[in-house]
Amino acid sequence: MRDARAFEAIYDRHHRLVYGIAMRLLGQVSGAEDVTQAVFMKVWSAPGAFEDGNFAAWIGRITRNKCLDVLREKARHPADELVQDVVSGESVDSTAFARLDAATVQNALDRIPPEQRSLIELAYFGGMTHQRIAEKTGVPLGTVKTRIRTGLQRLRQALDQAEFA
Amino acid sequence: MNAHDEYVDDLALLALDALPADEARRVRAHLSQCEACTAEYVRLREAADVLPLAAALPDSSAPSADLKRRIMAGVEPQNVVPMTAQRKPSFVAPPYLLAAACLIAAIIMGALYAQVSRRAADQSAVIADMTSPGAQHYAVTGGQVLRAGDRVYIAMRNAPRLPAGKVYQAWTLPQGSKRMAPSVTFVPEKGRVLLRLPVNAAQIAAVAVSVEPVGGSAQPTSKPVFVVLFPSKA
């Protein structure tokens with residue numbers, strides 16, 4: 001049986017992450033809120049979809065894929081809304097850990113050379129294939145593949161050193 | 001070139017969902033029969049999976065409170081408040097009593113407001129410390145120790161489960177001392193704990209945590225779970 005209180009706890013703990021990803025990919029408040037709502041409705045309607053592992057990573061990937069669907073389905077309109085400054089009611093604990101996670105991952109990303117990091121971000125947050133990245137950046141296809149592999153391996157090593165992943 | 005060399009670049013692309021569908025199918029078919037490539041793929045996929053975590057928002061850009069209301073409205077029926085007949089007040093307070101009651105209520109509300117304001121300020125400071133550019137992060141078993149200004153935090157997300165009758169205890173090593181001083185004890189909830197040590201970071205040389213009996217110990221009685229040495233200032 002689904003538990004609304006447990007669901008609310010999941011929302012309180014992860015909504016900033018989901019909304020943050022959506023804002024990063026869509027750059028628009030209303031679109032980010034729509035995606036956030038759709039993601040949490042998916043969590044509610046299919047609680048068995050998450051099987052094992054890191055829940056934050058799982059819900060992050062769902063959000064990213066949902067955003068890419070949105071971007072693919074319709075032409076992106078320029079942002080016409082201001083990001084609202086709203087203080088949410090989440091606990092300091094959840095916020096603090098989200099910040100620690102963000103800082104740790106960002107620190108790990110910062111240790112990757114920019115030419116590798118930018119290609120990883122185009123692939124992951126831009127939803128581009130390696131061929132599309134090569135076309136867009138003018139970097140040879142083989143170099144794109146090598147840089148992405150090397151960069152991701154370095155990210156993994158940095159996360160290991162931070163005892164994160 | 002062996003089979004692994006052929007796929008080595010593709011594993012990272014697959015982990016990032018950056019392969020066209022037909023190539024992704026080809027790589028997955030290889031993974032189904034290659035343990036070495038599967039192990040490497042899992043490592044890279046785990047790294048890719050945490051990329052979104054870097055997208056956490058600054059405090060000022062949270063989603064609206066209305067969004068939560070909309071979402072929760074979709075998962076639970078609206079609470080229906082039963083209608084009840086209004087009762088006639090059985091006692092009507094005289095004006096002077098009402099005025100006194102209002103004064104007491106105002107004093108209490110003022111004190112509560114000050115308390116809540118202090119608490120909110122403390123919480124904001126904690127959150128700001130988590131991503132302070134000057135903060136130093138030290139990876140430890142199950143989490144990290146963070147030093148920001150004169151504050152020291154222990155943040156554990158995957159603290160090892162404690163044996164029955166045991167707690168974690170933090171220790172600090174005062175500058176110039178060779179003897180650990182006992183600090184707080186704590187029990188993580190579902191492996192998570194975030195606490196600020198009651199100590200001035202500038203006055204200590206190290207932080208450690210050990211497993212101790214409930215109530216804590218005067219000196220560590222077990223091998224530390226971790227020890228973090230702070231670099232001494234030049």
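As the structure is a computational prediction, the values presented were derived from the model and not from experiment. Below, read A as the first sequence line, B as the second, and so on, with proteins coming before strands; counting in each chain starts at 1.
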Open item on the list: Under 4.5 Å from any heavy atom of chain A, what part of B:Ala15 do you find: side chain, backbone, both or neither?
Closed with: both
Open item on the list: Return the CZ to CE distance between B:Arg70 and A:Met41, rounded to the nearest 0.5 Å.
Closed with: 10.5 Å
TODO: Go through the atoms of A:Met128 and report whether side chain, backbone, both or neither lie under 4.5 Å from a heavy atom of chain B.
DONE: backbone
TODO: Go through the steps to decide whether B:Leu51 and A:Phe125 satisfy the test side-chain contact (heavy atoms from CB on, under 4.5 Å), and finish with yes or no.
DONE: CA-CA 9 Å; B:Leu51 284 171; A:Phe125 291 109; 4.3 Å; yes
Open item on the list: If we define contacts as heavy-atom pairs under 4.5 Å, which of B:Asp49, B:Leu67, B:Asp9 has the most with chain A?
Closed with: B:Asp9
Task: From CG (A:Asp160) to CZ (B:Arg43), nearest 0.5 Å - done: 5.0 Å
Open item on the list: Is any side-chain heavy atom of B:Leu16 closer than 4.5 Å to one of A:His130?
Closed with: no
Open item on the list: I need the residue from B:Asp17, B:Leu146, B:Leu19 with the largest number of non-hydrogen atom pairs under 4.5 Å to chain A.
Closed with: B:Asp17
Task: Atom of B:Gln144, atom of A:Thr104 and distance for their closest heavy-atom approach - done: NE2-OG1, 3.3 Å
TODO: Check whether A:Leu109 gets within reach of chain B through its side chain, its backbone, both or neither, counting any heavy atom under 4.5 Å.
DONE: side chain
TODO: Identify which part of A:Gln131 has an atom lying under 4.5 Å from any heavy atom of chain B, answering side chain, backbone, both or neither.
DONE: side chain
Task: Residues of residues 141-154 of chain A with any heavy atom under 4.5 Å of a heavy atom in chain B - done: A:Lys145, A:Thr146, A:Ile148, A:Arg149, A:Leu152, A:Gln153
Task: Proximity breakdown for B:Leu11 and chain A, heavy-atom pairs closer than 4.5 Å - done: neither
TODO: For the residue pair A:His15 and B:Lys68, establish whether any side-chain heavy-atom pair is separated by less than 4.5 Å.
DONE: no
Task: Pairs of heavy atoms under 4.5 Å with chain B: top-ranked of A:Tyr11, A:Trp58, A:Phe40 - done: A:Tyr11
Task: Contact winner vs chain A - B:Glu40, B:Arg45, B:Glu23, heavy-atom pairs under 4.5 Å - done: B:Arg45
Task: Minimal non-hydrogen separation, B:Ala18 against A:Ala123, with atom names - done: CB-CB, 3.9 Å
